[in-house]
Number of protein chains: 2
Amino acid sequence: MQQSGKFITVEGIEGAGKSTAVKYIQEYFLKKGKEIIVTREPGGTPVAEEIRHLLLNPHTKEIIDPKAELLLMFASRAQHIAGVISPALSAGKWVICDRFVDATYAYQSAGRGLDAKWIALLEKFVVNNLSPTLTILLDIEPALGLARSRRRGPQDRFEKETVEFFEKVRHAYLELAQQHKKRFAIINAAESLSAVQTQLQDALHEL
Amino acid sequence: MQQSGKFITVEGIEGAGKSTAVKYIQEYFLKKGKEIIVTREPGGTPVAEEIRHLLLNPHTKEIIDPKAELLLMFASRAQHIAGVISPALSAGKWVICDRFVDATYAYQSAGRGLDAKWIALLEKFVVNNLSPTLTILLDIEPALGLARSRRRGPQDRFEKETVEFFEKVRHAYLELAQQHKKRFAIINAAESLSAVQTQLQDALHEL
């Protein structure tokens, strides 16, 4: 696919400060005169947001099968890419996305225990050669992140998971960052807001 | 998986008479003292029924991407197998399912034009070695089937498709029946109700 805009993803566990970082990145590039789309996964289109609701709803009357969870993530992603991300990038816009494929490796493979080979196949089917230019990984101790996110209000289906689950997710994110050093910037999200913003600025400056 | 019950699927395009056939099959085996579960796809569990609504809703505000449609079908199926089909078969129950994987080959590959190799991969991931013992294919001319289904009331997102779409779907079903002769029984669904029931009886008798 012809990509004239740039695609930036923001990753991290619950309470790492993704929303704040996304806003900071948006303003940083707005000041530089870029046309920006801010979006998120799962979700990003009306149908994909309905899939998000199915995935995050903590009151689901049955246990969601891990394979069903994985397929819902990629269904939402297919809809999101076709309806939002690809058209925006083709039109030269910059897309900032709160979570993307890395989250699926971290949560559904490391977290849920599904074989990563299936995620790689689904990635090939759905995402093809659309890769972020830059992935910001907000790294934080799960105990600290969860304490932050629990202060925010009611928990979704993922936020109800154990610290052990998020330890696995965090470890997988750090491994992905090791495997794709050029694409990833790791931010120490345990630091103060201004220190996080300085780190973000450094990462964005390189773009 | 240990399969002690039998798994019977009913396939066919809109208006072929699947619901009537399912009821007939259910009564046929109830009379023989079998414990029967009747279910359907997409759907069959609370979450899978929510996915069904996303798939069939004719008022969706955006075009559903064919890949998203395929992944939603398999997400619903994963949930359905884990929550209903596998436990029932393991408990020795007989499961009659209105549509299963054959429908995905017919609709999403032949109908929507997706490469069947992706469906085969998803089948391996989700369905694994769970194969119907018997698949009843209710075969009918699309023009006749659609006329029947349109008399029934409001059309869902698939029923709004063209006759050409259903010609492709029907052709794919007949090809699948050719490829899996032992598993399939083709019923001429254009005949009278009693003639269809006689054909069904012959197919069920062989089981």
Side-chain angles (χ1 to χ4, degrees), chain A residues 39 41-87 101 104 108-109 112 114-128 130 157, chain B residues 41-87 101 104 108-109 112-128 130 157:
Chain A
T39 185
E41 290 206 348
T45 83
V47 166
E49 288 288 327
E50 290 189 65
I51 300 172
R52 179 189 180 89
H53 176 75
L54 282 176
L55 281 164
L56 301 192
N57 179 9
H59 307 297
T60 299
K61 282 177 202 114
E62 61 191 313
I63 293 163
I64 294 191
D65 179 74
K67 291 179 184 175
E69 180 179 288
L70 174 65
L71 295 164
L72 286 171
M73 287 290 177
F74 270 106
S76 156
R77 183 163 296 140
Q79 192 67 19
H80 190 209
I81 291 172
V84 173
I85 301 177
S86 287
V101 182
T104 311
Q108 279 70 47
S109 179
R112 300 291 191 214
L114 290 172
D115 190 331
K117 79 171 182 189
W118 295 111
I119 303 182
L121 281 167
L122 288 164
E123 182 179 8
K124 205 176 163 197
F125 177 47
V126 169
V127 181
N128 208 349
L130 171 71
R157 202 172 58 85
Chain B
E41 288 206 350
T45 84
V47 166
E49 288 289 327
E50 290 188 64
I51 300 172
R52 179 189 180 89
H53 176 75
L54 281 176
L55 281 164
L56 302 191
N57 179 9
H59 307 297
T60 299
K61 282 175 200 117
E62 61 192 314
I63 294 162
I64 294 191
D65 178 75
K67 291 179 184 175
E69 181 179 287
L70 174 65
L71 294 165
L72 286 171
M73 288 290 178
F74 271 105
S76 156
R77 182 163 297 140
Q79 193 67 19
H80 191 207
I81 291 172
V84 174
I85 300 177
S86 287
V101 182
T104 311
Q108 278 70 47
S109 179
R112 299 290 191 216
L114 291 171
D115 190 331
K117 80 172 181 187
W118 295 112
I119 303 181
L121 280 168
L122 288 164
E123 182 180 8
K124 206 175 162 199
F125 177 48
V126 170
V127 182
N128 206 351
L130 171 71
R157 201 171 60 84

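Reminder, nothing fancy here: chain letters follow the sequence lines and each chain counts from 1.
In this structure, the portions of B:L121 lying under 4.5 Å from any heavy atom of chain A include both its backbone and its side chain. Within the 4.5 angstrom heavy-atom criterion, no atom of A:I81 approaches chain B. Proximity to chain B (any heavy atom under 4.5 Å) is shown, for A:T45, by both the backbone and the side chain.
Taking B:N57, B:I51, B:T60, B:D65 one by one and counting their heavy-atom pairs under 4.5 Å with chain A, the maximum is reached by B:D65. The choice from A:H53, A:M73, A:E50 that makes the most heavy-atom pairs within less than 4.5 Å of chain B is A:E50.
Here the closest non-hydrogen pair linking B:A78 and A:K67 is CB-CB, 4.0 Å. Heavy atoms only, all atoms of each residue included: B:A75 and A:A68 are closest at O-CB, 3.4 Å.
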Apply side chain to side chain contact (heavy atoms under 4.5 Å, CB included) to residues A:L70 and B:F125 and explain how you reach the verdict.
CA-CA 11 Å; A:L70 174 65; B:F125 177 48; 3.7 Å; yes
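With a 4.5 Å cut-off on side-chain heavy atoms, A:L122 and B:L122 count as touching.
Considering B:L72, B:I64, B:I63 as possible partners of A:Q79, the one that fulfils the side-chain contact (heavy atoms from CB on, under 4.5 Å) test is B:I64.
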